[in-house]
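Starting from 1, each residue takes its place in the sequence as its number.
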Amino acid sequence: MREGSATTTVAAAPAVAFALLADPCNAPLWFAGGALANEPQGPLRADMTWAFLQGPTGKERSIPARMALYDPPTRFAWQTTNPTGRDNLRWEVTCIPDSPDSSAD
């Protein structure tokens, strides 16, 4: 499985960043290839499911995904769940304050 990591700093409290980033409905705002084939139902929670669209326009396919980890307001993980098990990916995000004062909302 491919691995990688990155760090970025934004001018937002961790809870605010978490609320935006953890919701798959917001994926098109920040996640490359984040178009949804179907949206998750109900409140955000571990094991909720949805599907992304992947592929060139007109030839997209539905890629099932689930919330593998949901620990607000700090960490979440999305994971694709292709039935073949090939090329499944996991994205884990941790929202932490850049300084002690930035944790306030």
Non-neighbouring partners of Gln79 that pass side-chain hydrogen bond (donor to acceptor under 3.5 Å, both in side chains), sequence neighbours left out: Arg90

Summary of salt bridge (Lys or Arg N to Asp or Glu O under 4.0 Å) pairs that have at least one residue in residues 68-80, sequence neighbours excluded: Arg75-Glu92

Results of side-chain contact (heavy atoms from CB on, under 4.5 Å) for Asn38 - residues two or more places apart only: Ala51

Leu89 CG to Thr80 OG1 distance, which is reported to the nearest 0.5 Å: 4.5 Å

Residues forming a side-chain contact (heavy atoms from CB on, under 4.5 Å) with Thr74, sequence neighbours excluded: Thr94

Full working for side-chain contact (heavy atoms from CB on, under 4.5 Å) between Phe76 and Trp91: CA-CA 8 Å; Phe76 70 91; Trp91 300 269; over 6 Å; no

Considering all heavy atoms, the nearest Pro14-Pro97 contact: CG-N, 3.4 Å

Shared hydrophobic cluster, Leu69 / Ile96 (ILVMFWY, side-chain heavy atoms < 4.5 Å): no

Pairs where residues 40-52 contributes a residue and the test side chain to side chain donor-acceptor pair (under 3.5 Å) is met, not counting sequence neighbours: Asp47-Arg66

Thr81 vs Pro64 side-chain heavy atoms within contact, under 4.5 Å: yes

Residue list, ring-ring contact (aromatic ring centres under 6.0 Å, His included) with Tyr70, at least two apart or on another chain: Phe18

Which residues share a salt bridge (Lys or Arg N to Asp or Glu O under 4.0 Å) with Arg61, sequence neighbours left out: none

Residue pair Leu36 / Glu39: nearest heavy atoms and the distance that separates them: CD1-CG, 3.8 Å

Side chains of residues 21-28: which donor-acceptor pairs under 3.5 Å do they make with residues two or more places apart or in other chains?
residue	atom	partner	partner atom	Å
Asp23	OD1	Cys25	N	2.9
Asn26	ND2	Leu20	O	3.0

Parallel, tilted or perpendicular, as decided by the 30° and 60° cut-offs, for the rings of Trp78 and Phe31: perpendicular

